[in-house]
Amino acid sequence: MDKIKSILKYQKQIIEGLFISLIAAWSIVSVVRGATKKIGDVQFAAQSNFAVNIVLIALFGVLIGLVYYKKDFVARLIMFASAYSFVILSAITGFEQQWITINKNPIGNICFQGVLCFIAVLAFLYVKEDVFCLFKSFVIDKIKARIIFILIGVFLFAFVGIVTVYRYITYSNSTFDFGIFAQMYENMKQTGLMNTTVERNTLLSHFGVHFSPIFYIALPIYFVFPSPVTVQLIQAIMVALPVLPIVLLCRHYKMSHWMSVAMVLLYALYPATAGGTFYDIHENCFLTFFVLLAIYAVEKKKDILTIFAVLLVFLVKEDAAVYIMVFGAYLLFSRRDKKRGIILIITSAIYFVVAIAIVNSFGLGILDNRFGNLYFDPNAGLGQIIQTILSNPGYVLAQIISNSDVNQMDKIGYLIIMIVPVAAVIFATGRKYSRYILMSPFIVFNVFTTYVYLHDISFQYNFGIIALFMYLMILNLSEIKLEKAKTFAVVSVICTSIMFAGSIFPKMDYYVTKYSEGKADYEKINKAIDLVPAGASVSASGFLVPHLADHLDMYDQNHLTEMKMVEYLVIDERGSEKEKFNDVLNTGQYDLIYNEPNLVSVYHKK
């Protein structure tokens, strides 16, 4: 009886030890035996030796049980580490699954990541005290923190650079939109003007579409290294640079080095950060750095730097002023700095009107049709958006869940992947509701509209949103109690890392593998491109246009509305684009000078 009582005295530890040992052993065996690579294959269970599986789980369970007996906190950490590893590897595999076919869910991957986040967060919350004790044993001073910040920034630059450069060398980007900017930079180098012939298949200043003189800031780099690869790396630089103002803002709010590291990790791993580069360079990639720099300058009350940073934001794009206007509105309504808030609002409003007038003066006008679902009159312009929001709020709210197609759930998937990774921190505002003003561009620009690319993390429309999100999270983490702040920060880092692993990280392997498997074909296409002499006029298939960007008289044959008799035709024969050249080839005025069947052909005008 006494022995039973002595055992029962430790029943809590016994139960915990068994639980931890089972979960850790199960996770370890699943990883070791490759179950994380078979998440879509129900036959994996039948094909594996179930008895061996049970023996391995029992064996690892006993080993971890012994660890728990000696050092219980070590066993708990092993449990979390093994569960987290299982979740991350499963998320990476989830990227390759055919979710529509297997699960009848078009956003199955994102939903799966949400489930994995829930599991990982539960595991962390169970061991969070042990994790925090582990962190305390690793003291980070200023020098170590700087090294970590630099490493994270370099990682982000390298990842974006590798993915986007491999997109280029595998002929995965096309005229829209990388070919436009690649040719534009070459035109800027040769003529100083932001002209292209492929954006609308006629010689046109890019100012006729967007007022984006910010591109000139990177022109010196292109002068030294004139190549479309450089254009992609300019974007990688701009995506990595926001690490600096994030660190400065964390320091301004007296956040610890560990918390600053967490914020930088949140930025680097946030799916929309690297995801926004997957459709190649756009002017929006400059937004995150300059918006955060402007916020930092205002916070420090450095007026000269504020003017400089705000001007740089304005030069990104005609609608970039909205982010400064929203920041000004936050300063005003939060009563933190009403004077500067009013100045920023007025200045942004004036600039917005002027920038739109400039774009209109170049002939094409702004692309306001992207908000067509909020228009009651197709010809009435942007102003009616405000009228719709104020007059019919129920309709507007319904747009939050309105998808682009009856068989898709793109809007819902977008909301999940944008909010879930950072929800713990973003909504830790307490009663400071004025901070939600910082989320208004996200709601109005990205969620209310049914223009599909505006609510897709693989496109460039989230860079300004990311800046405001990062600032909002720094505000929240700096003001809530330290214990709660640490918990929220780690939960967000865990969720962000899982969604990065499931949505972003596999892109690198995809493009690197694509290049290695098709290298011989790409070399043949490169040979065809090299046959077109410098300065010659050329018309090409869309996926070949970026590689001919050094030709200032170039056209995308797919989008020509009338026949152009240029000197060279470069045809991509991997798809059906050759049909676009039938009319011009039927004139009999072109000779075939190079051909790789089902790959590429080059014609020269007689």
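- The closest side-chain donor-acceptor pair between D280 and Q232 falls under 3.5 angstrom.
- Looking only at distances, no side-chain donor or acceptor of N476 sits under 3.5 Å from a matching main-chain atom of F427.
- Looking only at atom types and distance, the side chain of Q399 has no donor-acceptor partner in the side chain of T449 under 3.5 Å away.
- Between S434 and Y330, the shortest heavy-atom contact is O-CD1, 3.5 Å.
- Ring pair F500/F159: centre-to-centre distance below 6.0 Å.
- For the residue pair P506 and A501, the shortest heavy atom distance occurs at CD-O, 3.2 Å.
- Using a 3.5 Å distance cut-off with no hydrogens or angles, the side chains of Y168 and H547 do pair a donor with an acceptor.
- Checked by atom type and distance alone, the side chain of Y216 pairs as donor or acceptor with a backbone atom of G192 at under 3.5 Å.
- Looking only at side-chain heavy atoms (C-beta outward), W258 and I140 come within less than 4.5 Å of each other.
- To the nearest 0.5 Å, atoms CD1 (I180) and CG (N173) are separated by 11.5 Å.
- At a cut-off of 3.5 Å, with distance as the only test, a side-chain donor of N446 or N462 sits close to an acceptor on the other residue.
- Under the 3.5 Å distance criterion, the side-chain polar atoms of E318 are matched with a main-chain donor or acceptor of F211.
- Expressed to the nearest 0.5 Å, how far CD1 of I107 lies from CD of Q113 amounts to 10.5 Å.
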Let me see the working for F327 and S348 under side chain to side chain contact (heavy atoms under 4.5 Å, CB included), right down to the final yes or no. CA-CA 10 Å; F327 174 55; S348 300; over 6 Å; no

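- Taking the side chain as every heavy atom from C-beta outward, I295 and L468 approach each other to under 4.5 Å.
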Please evaluate residues N195 and M188 with respect to the criterion side chain to side chain contact (heavy atoms under 4.5 Å, CB included), reporting the C-alpha separation (whole Å), side-chain torsions for both, the decisive distance (0.1 Å), and the verdict. CA-CA 7 Å; N195 289 341; M188 290 163 66; over 6 Å; no

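- Atom CD of Q235 sits about 5.0 Å away from atom SG of C285, to the nearest 0.5 Å.
- Two residues are said to be in side-chain contact when any heavy atoms from C-beta on lie closer than 4.5 Å; F290 and I214 meet this criterion.
- The aromatic ring centroids of F352 and F314 lie 6.0 Å or more from each other.
- With rounding to the nearest 0.5 angstrom, the CD atom of E199 is 8.5 Å from the CE atom of M184.
- Residue-environment remark: NZ (K301) exceeds the threshold of 12 foreign heavy atoms within 6.0 Å.
- Within the 4.5 Å cutoff, the side chain of L204 has heavy atoms near those of the V209 side chain.
- Listed here is the closest heavy atom pair of F157 and A240: CB-CB, 3.9 Å.
- The one candidate from F223, F225, Y185 that meets the side-chain contact (heavy atoms from CB on, under 4.5 Å) condition with T230 is F225.
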Test log, rule ring pair (Phe, Tyr, Trp, His ring centres under 6.0 Å), inputs Y279 and F178: CA-CA 8 Å; Y279 202 57; F178 184 60; over 10 Å; no

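- Closest approach of M499 and I110 over heavy atoms only: CE-O, 4.2 Å.
- Distance alone, capped at 3.5 Å, is enough to place a donor-acceptor pair between the T197 side chain and the M554 backbone.
- For the residue pair E186 / H551, no side-chain donor-acceptor distance below 3.5 Å is found, with atom types taken as modelled.
- Note that CD1 of I217 is 11.0 Å distant from CG of L219, once rounded to the nearest 0.5 Å.
- Residues Y461 and H455 place their aromatic rings such that the two centres sit no closer than 6.0 Å.
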Ring pair (Phe, Tyr, Trp, His ring centres under 6.0 Å) between F463 and F286, intermediate numbers included: CA-CA 8 Å; F463 287 118; F286 293 89; 9.8 Å; no

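- Counting heavy atoms from C-beta on, the side chains of Y351 and L315 come closer than 4.5 Å.
- Side chains of D177 and H282: a donor-acceptor N/O pair is present below 3.5 angstrom, by distance only.
- Summarising the geometry, atom CD belonging to Q183 is positioned 12.5 Å from atom CE belonging to M194; distances are rounded to the nearest 0.5 Å.
- Between H252 and Y296, the ring-plane angle classifies as perpendicular under the 30° and 60° cut-offs.
- Aromatic rings of Y453 and Y451 (six-membered ring for Trp) have centroids within the 6.0 Å cut-off, being under it.
- At a threshold of 4.0 Å, the pair E479-K484 does not count as salt-bridged, since none of the basic side-chain nitrogens sits closer than that to a carboxylate oxygen.
- The closest donor-acceptor contact from the side chain of T273 to the backbone of Y267 lies under 3.5 Å.
- There is a side-chain donor-acceptor pair under 3.5 Å between Y253 and E299.
- The two atoms that bring A320 and V316 nearest to each other are CB-CB, 4.2 Å, heavy atoms only.
- Atom CZ of F505 sits in a sparse spot, with 12 or fewer heavy atoms from other residues, nucleotides or ligands closer than 6.0 Å.
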Full working for side chain to side chain contact (heavy atoms under 4.5 Å, CB included) between F448 and V444: CA-CA 5 Å; F448 281 166; V444 176; 4.2 Å; yes

Assess the residue pair H206 and F181 against the criterion (ring pair (Phe, Tyr, Trp, His ring centres under 6.0 Å)); give the C-alpha distance rounded to whole Å, side-chain angles, the decisive distance to 0.1 Å, and a yes or no. CA-CA 9 Å; H206 185 62; F181 297 115; 5.3 Å; yes

Side chain to side chain contact (heavy atoms under 4.5 Å, CB included) between M508 and Y166, worked out: CA-CA 8 Å; M508 183 166 66; Y166 269 87; over 6 Å; no

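- Note: F278 and Y510 fail the aromatic proximity criterion, with ring centroids not under 6.0 Å apart.
- Using modelled atom types, no side-chain atom of S492 and backbone atom of A489 make a donor-acceptor pair closer than 3.5 Å.
- I246 approaches M263 most closely through the heavy-atom pair CG2-CB, 4.1 Å.
- In terms of modelled atom types and a separation under 3.5 Å, the side chain of K317 and the main chain of H210 share no donor-acceptor contact.
- Residue L438 forms a side-chain contact (heavy atoms from CB on, under 4.5 Å) with just one option from I426, I465, L472, and that option is L472.
- Between the side chains of T191 and N187, a donor-acceptor pair is found at a separation under 3.5 Å.
- Looking at S440, its side chain does come within 3.5 Å of a backbone N or O of I437 through a donor-acceptor pair.
- Side-chain atoms of F488 and M473, non-hydrogen and from C-beta on, never get closer than 4.5 Å to each other.
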